[in-house]
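Presented below is the structure to which this report refers.
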Amino acid sequence: MPESQLAGAADRDDSSFNPDPNLAKGVRAELADYKGSGYDRGHQAPAGDFKSRQSLMNDSFFLSNMVPQNGPMNRGIWSKLEERVRSWCRDLGEIHIITGSMFYDQREDSPDTAD
């Protein structure tokens with residue numbers, strides 16, 4: 001992420017979470033997938049990383065950029081991590097971030113049940 005992306009007037013609008021229009025219904029995440037789930041819609045690429053342009057900020061709210069996250073973690077330590085990474089970018093210049101989901105299946109721990 002270039003440092004220039006972090007500064008600007010783009011506003012976060014939490015009401016703008018939406019399905020990704022570039023993905024077909026049936027294969028994309030929908031708002032209903034989160035309703036009543038107990039999980040937050042956690043950004044993989046944080047909205048705060050896209051202050052330079054409103055269009056980038058808006059795109060960060062597509063559900064294809066979300067992962068189900070425990071609420072206290074998402075709003076706590078994960079938020080602090082996002083801010084720390086932004087501070088590194090401000091201090092060091094352009095940085096590259098790799099993020100994604102991890103799925104854990106206990107059955108994979110055993111050779112008898114792993115596939």
Who pairs with [X] by side chain to side chain donor-acceptor pair (under 3.5 Å), at least two apart in sequence or on another chain?
X   : value
Q44 : none
N22 : none
S64 : D20
D13 : S15

Does S60 reach the main-chain N or O of M57 with its side chain, forming a donor-acceptor pair under 3.5 Å?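 Yes; judged by distance alone, with no hydrogens or angles, the pair exists.
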
For K51 and A10, indicate whether the former's side chain and the latter's backbone hold a donor-acceptor pair under 3.5 Å.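 Checking the backbone N and O of A10 against the side chain of K51, a donor-acceptor pair under 3.5 Å is found.
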
Who are the salt bridge (charged side-chain N to carboxylate O under 4.0 Å, His left out) partners of R53, not counting sequence neighbours?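 In terms of salt bridge (charged side-chain N to carboxylate O under 4.0 Å, His left out), with neighbours along the sequence ignored, R53 is linked to no residue.
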
Check salt bridge (charged side-chain N to carboxylate O under 4.0 Å, His left out) between R107 and all other residues, then give those that pass, not counting sequence neighbours.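 Partners of R107 under the salt bridge (charged side-chain N to carboxylate O under 4.0 Å, His left out) test: D105.
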
Contacts of E83 that satisfy side chain to side chain contact (heavy atoms under 4.5 Å, CB included) - sequence neighbours left out: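 Scan of E83 (side chain to side chain contact (heavy atoms under 4.5 Å, CB included), adjacent residues dropped) gives R86, R90.
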
Any residue meeting side chain to side chain contact (heavy atoms under 4.5 Å, CB included) with N74, in chain and number order, not counting sequence neighbours: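 N74 satisfies side chain to side chain contact (heavy atoms under 4.5 Å, CB included) with D40, Q69, W78 only.
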
Would you say [Y] ends up clustered with [X] if hydrophobic residues are merged whenever their side chains have heavy atoms under 4.5 Å apart, either directly or through other cluster members?
X   : Y   : answer
V27 : L63 : no
I97 : I77 : yes
L81 : M73 : yes

Using 0.5 Å steps for rounding, measure from the CG atom of D59 to the CZ atom of F50.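 It is 8.5 Å, given to the nearest 0.5 Å.
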
With F62 via ring pair (Phe, Tyr, Trp, His ring centres under 6.0 Å) - residues at least two apart: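 Ring pair (Phe, Tyr, Trp, His ring centres under 6.0 Å) list for F62, sorted by chain: empty.
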
Which pairs, with at least one residue in residues 11-33 and sequence neighbours excluded, count as a ring pair (Phe, Tyr, Trp, His ring centres under 6.0 Å)?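 Every pair satisfying ring pair (Phe, Tyr, Trp, His ring centres under 6.0 Å) with a residue in residues 11-33: F17-H43, F17-F61.
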
Atom of P19, atom of A29 and distance for their closest heavy-atom approach: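 So the two residues come closest at CB-O, 3.6 Å.
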
Heavy-atom pair of closest approach, residues L6 and G48: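 Closest approach of L6 to G48: CD2-O, 4.0 Å.
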
Pairwise side-chain contact, R41 with N65, heavy-atom cut-off 4.5 Å (strictly under):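 The answer is no, as the side chains (C-beta and beyond) never meet within the 4.5 Å cut-off.
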
What pairs of residues pass the side chain to side chain donor-acceptor pair (under 3.5 Å) test when at least one of them lies in residues 25-34, not counting sequence neighbours?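 Applying side chain to side chain donor-acceptor pair (under 3.5 Å) to every pair that reaches into residues 25-34, excluding sequence neighbours, yields R28-E30.
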
